[in-house]
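Ligands are counted one by one from 1 in listed order, and the atoms in each one are counted from 1 as well. Because only heavy atoms are used, hydrogens play no part in the values below, and waters and symmetry mates are left out as well, while side chains stay in.
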Amino acid sequence: MYSFTIFDKIVLDGDIMKDFYKLLHEKIKNALDKTEYCDEQIVVSESNRRDLGEYQYNGAMNLAKKYHKNPNDIAKEIVDYLKEDSFFLSVSVASPGFINMTISPVALVEVLNSQTFNYEKKEETIFLDYGGANVAKSLHVGHLRSANIGEALNRLCKFLGYNTISDTHLGDWGRPLGLVILELSKRYPEWSYFNPNYDGIYEDVPITNNLLEEIYPYASNKAKEDEKYLKEAQEMTKRLQNNEKGIIDLWYKIMDISKTDIKKIYDRLNANFDLYKGESDAEKYVPELLSYLDNLDIVIESDGAKVIPVKEESDKLEIPPMLLVKSDGGILYSTTELATIYERIKNYQPDEIWYIVDKRQSLHFTQVFRASKKANITPNTNLVFAGFGTMNGSDGKPFKTRDGGVMRLTDLLDIVKDECLKRLNPNIVDNRDEIAEKIAMSAVKYADLLPNRESDYIFDIEKFCDLEGKTGPFILYSTIRMKSLLNKAKENNITYQKMYLIDNEYDKEVVLLLNNLDSVLNKAFNSKSLNDITDYLYKLTTSYNRFYTENIILKETNELKRESWLYLTNKVYEVNKLLLDILAIQIPEKM
Ligand code: ARG
């Protein structure tokens, strides 16, 4: 129990506090200003020795070098000034000059009561490229991370006040589509779409998503074995790229069917895109891009192809030139990529473009980004490749179906859903399916966002769906329990306005963790990785659960305590809700 009265109120200077660390930072700066020392980079961190203090400032060691003095003496001088501030309960020096600070519980309470979650609107626009589904092919597990990480980063940017534009960048052009259309022409040669001289109205055709999903792998394998078929596919791709009327019409049909299916999966993952553009949209800008590039001295001929050399002296690995136009005049993934940048700059003028794509595509992006810089297409735009690692099977290799094939994303989501349905509390009778779906998505998403963006991880359905441990279901369950406590308070007409006091080490730990919210969000933003958020959610939730187990909240007879605890519960509930929403995880009504 801390001894202080709730009446010795501490006035926090300046604005309503959002970032606790900024406040701490200022306190140290104020103390330093009274000394002869100047630290340009004040860093305050959580202490890893809680017994000595909650926060740490280690600047005295650097100042000692700068001012040729003993770090202990410098630290002591700073501490003398810090001690004058009632914000601190205690401040002390540990050899050779660490400053340990413990915050006054009164101050902690004040900070908590004034905490807001609003960020100022910012000028910058961040364009996010994620999703990356391919038309006429089913989404596979490789597309999972792009959707999850991308959507969460998009929501994080928005929350921090940035303008964002999100685009799926569909793979809807070129070879794969040529293959699919060729195979359709083999199976249904009578369709008028394939007759270049036809000028009537095209008939309805029985294309379904299942048919497309069957056709693509078939045609792709056949082209590998059968040279004649491959040639024909190339021919068909050309006819598509030359905008032959019937072929384009058929392509639109394929696009429609495929997009509907793609959207269904993205809906399940709660991924929303402002734009459903794709390679085909960029293709329209290729002639303009090529003539723009022709006026620059950067495109060279190589074996009949047009390429942009992009290697730099400091390269440790050989970076081959970016292929712009093939010797047969065809264009490639890199061509539409560069044209997409060209188009995005023209139409949206983003300050940054973030690509959330499998890290195995890093060479492609290095080439395209360098070409774009060289061609001065992006003088004011920062191009960022945020590559991610793979989801692997228990063998440590990219996740496969039992028979060794690539698993469709829908199938994977269904497997997880079945598992969650099986584990669902039998007392829940209504909406079982809907609830299991939400829990399943939380399991998949949380597990997907838990490792650092660049790390690989292993798919482990038992672990992901577990109610205990670092899992989506655990966070959801605990969050729902907070809500039900708050509901009970409401039913009993117990209201809570603010926090009055910190009573014990458990509520204190929760309050301290809440102070980290802003730095967690900013860390995630800077690293473009969600692991800081998933980690924090777990820490905050477990710390809250400990507090919940140690204290009987609703039955507490001391009103100030009870109100404080309910207020704290509500705060944690709000933070959990906010963070789950950033991760695009939905909370079911019950579990
Ligand atoms: N469709 C591509 C694939 O499945 C991913 C697209 C990523 N985005 C991009 N701008 N290239 O591999």
Side-chain angles (χ1 to χ4, degrees), residues 126-151 153-154 165-180 212-213 216-217 220 254-255 258-259 261-263 265-266 269 271 273-286 289 322-324 331-345 347-348 350 352-372 377-378 381-391 398-399 406-410 412 453 528:
I126 301 176
F127 195 111
L128 296 104
D129 180 317
Y130 60 93
N134 297 315
V135 166
K137 295 199 234 172
S138 38
L139 269 95
H140 55 80
V141 299
H143 291 113
L144 176 69
R145 298 205 80 190
S146 182
N148 287 342
I149 300 172
E151 179 67 20
L153 288 178
N154 185 12
I165 304 169
S166 57
D167 182 15
T168 40
H169 198 68
L170 295 171
D172 59 358
W173 203 241
R175 209 184 97 101
L177 273 300
L179 278 166
V180 169
L212 293 175
E213 286 185 358
Y216 177 74
S220 165
I254 297 173
M255 285 287 281
S258 197
K259 261 192 193 167
D261 192 65
I262 290 168
K263 276 189 181 149
I265 302 181
Y266 284 147
L269 292 172
F273 299 94
D274 299 317
L275 306 171
Y276 261 86
K277 290 199 168 187
E279 293 168 15
S280 65
D281 294 277
E283 197 262 353
K284 296 174 197 118
Y285 287 83
V286 168
L289 171 71
M322 192 205 100
L323 264 165
L324 193 61
I331 59 164
L332 306 107
Y333 187 41
S334 45
T335 324
T336 49
E337 195 77 75
L338 194 61
T340 304
I341 298 180
Y342 187 85
E343 182 215 339
R344 285 174 182 168
I345 300 298
N347 296 333
Y348 308 103
E352 312 226 333
I353 306 179
W354 294 6
Y355 293 85
I356 298 92
V357 181
D358 192 316
K359 70 176 178 195
R360 288 171 291 185
Q361 290 194 25
S362 116
L363 175 63
H364 161 79
F365 284 99
T366 303
Q367 292 172 311
V368 173
F369 289 0
R370 286 185 182 183
S372 163
I377 294 171
T378 42
T381 303
N382 196 14
L383 300 172
V384 182
F385 178 62
F388 53 80
T390 18
M391 184 180 93
F399 189 76
V406 178
M407 188 176 274
R408 299 187 329 157
L409 190 47
T410 348
L412 178 92
R453 168 169 50 75
K528 297 167 187 63

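At a heavy-atom distance under 4.0 Å, only side-chain atoms of Phe365, from C-beta outward, approach ligand 1. Contacts between Asn134 and ligand 1 below 4.0 angstrom, taking non-hydrogen atoms only, involve the side chain exclusively.
Close N/O approach between Tyr355 and ligand 1 is not found [any backbone or side-chain N/O within under 3.5 Å]. Remark: ligand 1 and Ala133 share no N or O pair separated by less than 3.5 Å (distance only, no angle test). The shortest N or O to N or O distance between Glu279 and ligand 1 is not below 3.5 Å.
When only non-hydrogen protein atoms are considered, atom 6 (C) of ligand 1 lies nearest to Tyr333 OH, 3.4 Å. The nearest protein atom to atom 8 (N) of ligand 1, hydrogens excluded, is given as Asp129 OD1, 3.2 Å; this is a heavy-atom distance. With hydrogens left out, the protein atom closest to atom 2 (C) of ligand 1 is Gly132 O, 3.6 Å, a heavy atom. Closest to atom 12 (O) of ligand 1, if we only count protein heavy atoms, is Gln361 NE2, 2.9 Å.
Taking the six-membered ring where tryptophan is involved, the planes of Tyr276 and Phe273 are perpendicular, since the angle between them exceeds 60° and thus also 30°.
Applying the salt bridge (charged side-chain N to carboxylate O under 4.0 Å, His left out) criterion to Lys528, with sequence neighbours excluded, gives no partner residue. Residues that satisfy the salt bridge (charged side-chain N to carboxylate O under 4.0 Å, His left out) test with Arg408, not counting sequence neighbours, are Glu213, Asp411.
For the pairing with Tyr355, the ring pair (Phe, Tyr, Trp, His ring centres under 6.0 Å) check across Phe369, Tyr130, Phe127 returns one residue only, Phe369.
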Give the C-alpha distance, both sets of side-chain angles, the deciding distance and a yes or no for side chain to side chain contact (heavy atoms under 4.5 Å, CB included) between Glu279 and His169.
-> CA-CA 7 Å; Glu279 293 168 15; His169 198 68; 3.7 Å; yes
From CA spacing to verdict: side chain to side chain contact (heavy atoms under 4.5 Å, CB included), Ile262, Leu139 = CA-CA 7 Å; Ile262 290 168; Leu139 269 95; 3.7 Å; yes
Side chain to side chain contact (heavy atoms under 4.5 Å, CB included) between Arg344 and Thr381, intermediate numbers included | CA-CA 10 Å; Arg344 285 174 182 168; Thr381 303; over 6 Å; no
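Residue His169 approaches ligand 1 through these ligand atoms, each under 4.0 Å from one of its heavy atoms: 8 (N), 9 (C), 10 (N), 11 (N). Taking a cut-off of under 4.0 Å to the non-hydrogen atoms of Glu337, the atoms of ligand 1 that pass are 9 (C), 10 (N), 11 (N).
Pairing each heavy atom of Leu332 with each of Leu324, the nearest pair is CD1-O, 4.2 Å.
Residue contacts with ligand 1: Tyr130 is excluded, as none of its non-hydrogen atoms falls under 4.0 Å.
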